[in-house]
Amino acid sequence: MEANKMLNYIKDVLQNMPNDWINLTTHRLDIYNEELAKTQFIEEFDKLFQVNNASAASLNALPTAYDYIRLGHPLSCVLEWVIANLEETTSKNVISFSSQTVPILAILRKNLFEKKNTQIIYKNTLPSSFDAEIVKRVYGYEFELKKVDTLDQISNFNGSTIYVSEKNEISKSSKIQNIDFSLNLYSNLGSVLIINNQAQEDYISEIQHVRRRETIAMTPINCLLALNAYVKQSTFNIQNTKLETNKNSVLELITNITGTTTKPLVASSGLSMQYAIMMGLVHDAQVNHKGKAIKFIVPPNCYGGTNDQARRVAACIDNVEVVDLPVDGENDMVSSIHTVLDEVAKEDAVPYIIAEIPTNPRVEVPNLGDLRDALKKPRKTSSGEIAVDPVFILDQTFCPNTLFLGENEILSTVRAISYASGSKFPSGGKCTAGYCVANKKAKDLMDKIDLHLELCDNEATALQYEILAAQLPSMNQRIKDAYQNTRAFVDYIKDKLPEAKINFVSQELAQQGFTPSVFSLGLPTKGNTPEEKEAYKRDLNLRLIHLMITEIPNESKYCVSYGQLKGCYWTIPATSTQGTTKEGDKDYIVRASLSPNLDLERHKEVFSKFVDSIE
């Protein structure tokens, strides 16, 4: 009876759910409690279920599940809730993935640190992309593989047992003894991991963090497909008839936009792409620079996901280390690169530099000629040998239209790879997919990156390719229009509040092709002590954002976003994009990003009102 009640309730939910459950990639931070991600949504959703309330208004009023849809979202939470009820467990024990292999890697990662054995049991097949030899050799994970004909062959094991099976419907699974984790593979949709043994609860946050950093949750549209199959009590019906056409179109568009000739790679998110880059480069170093230390050189205040992921990779592999690269404020990226590369060369290590241009959140651009020269400079080890030349990994999410890597472009003569988050300008905020390209000098690295993108099953989904194919053709024009709005707003703020410190590209940099539509704003402060001044400034930040989102609710959002098709987005990097950055490196300033389509005059009016309110 309870199962029928749930089935009928979910049917009503799917009919009445808000459109945002499918369409949004980021949510408002003012109605989001990160410490209660997923749990708060599920608790309130379960209360609605108990009273059989599936009204559109009630569903729309539910608290935000996650700040980014790639981490999880209402439909992934609902799918996990359904499966948890069918399996007679709690929702926190069910985690959905777009990838079929990353759930396995998440458990292996945890067991690496726990020094715990793992056996992977399967009856028919493992995920097609899972390469056991590479997972052991490159990722450093240890495990045993065991194929069984019958489930009674699964015996007790001193360690973790993962059972992998294929499913083409949402239904209650048979209870299997001696299984700690059940991984259900859903063809072309992703996978769902069920934590069976209550003793394994300490794995939940670790597995969730892998989903947060190295892959994405099952996408909204795929969760919807699975849930529709559930309410119809049918198998999954997936048709991707235009996948190859859309993929070919996207690859051609990226090649044209970036001015490169090597085949691009497209991943399920920017961080999925970055993970493939990092693991591909680790693999290449293991092959071509055996025994040498690997140094990922990363700005300490860059995007928190980049910072965190780099340190997570280093934590797993003995000869990989993260080295800080100061780039903002009083620190110059070029000088820092000279200093760090000289030290890495002395150690005869392999240098991989990850950097954003323009930097985030201070929107600074180094002298590119000097940057190229710093990367090209021949260096020697302490023993006088020629040092390994660096690979420059450029995050150009803020300026995906700027040409860096093509023939005769500024970084064409050094080994360089660039990547961008597709949730920004490439898709206009409609999907999370990311992509990367290489110049000719780095072309040989792309095969290894592609291998790890496939191994992690992190390629863009069919719908992501479809969205990119539709949005990429207009990207450069949208960037131009958004920049013009941003320049006009920045000029207005300078005139209205001249004592504020604004970080934005100069007119000279804009003429060179750097036309971001994001700026950071250091508001004026007051107080008798540094602590008082900091507290006043932080309060003023929130006052500004609150005024904007309440006075212009249809356009201004307190949200981690950039490159959307319309509106204006406000955030404080220290509490959002720099979430995992060390406290001393965080920026408690306002960051605003403008779209090509917004009421600029209205935003000026409200900002003027804010200035008038400052005592």
Please report the shortest heavy-atom distance between L271 and R213, naming the atom on each side. CB-O, 3.4 Å
Do [X] side-chain atoms and [Y] backbone N/O form a donor-acceptor pair below 3.5 Å?
{"X": "Q464", "Y": "T461", "result": "yes"}
{"X": "Q100", "Y": "G190", "result": "yes"}
{"X": "S336", "Y": "P326", "result": "yes"}
{"X": "Y562", "Y": "F398", "result": "yes"}

Let me confirm one number: the OG1-CD1 distance from T118 to I162, rounded to the nearest 0.5 Å. 6.0 Å
Under the rule for ring-ring contact (aromatic ring centres under 6.0 Å, His included), what residues qualify as partners of F404, not counting sequence neighbours? F514
Do Y139 and H283 have their ring centres less than 6.0 Å from each other? no
Would you please name every residue forming a side chain to side chain donor-acceptor pair (under 3.5 Å) with [X], sequence neighbours left out?
{"X": "Q471", "answer": "none"}
{"X": "R109", "answer": "none"}
{"X": "D370", "answer": "none"}
{"X": "N248", "answer": "none"}

Do the side-chain N and O atoms of Q208 and Y203 include a donor-acceptor pair separated by under 3.5 angstrom? no
Is K136 close enough and on-axis enough to F143, meaning under 6.0 Å and within 45°, for cation-pi? yes
Please, which pairs that meet side chain to side chain donor-acceptor pair (under 3.5 Å) have at least one residue in residues 259-268, sequence neighbours excluded? T258-T260, S268-S272
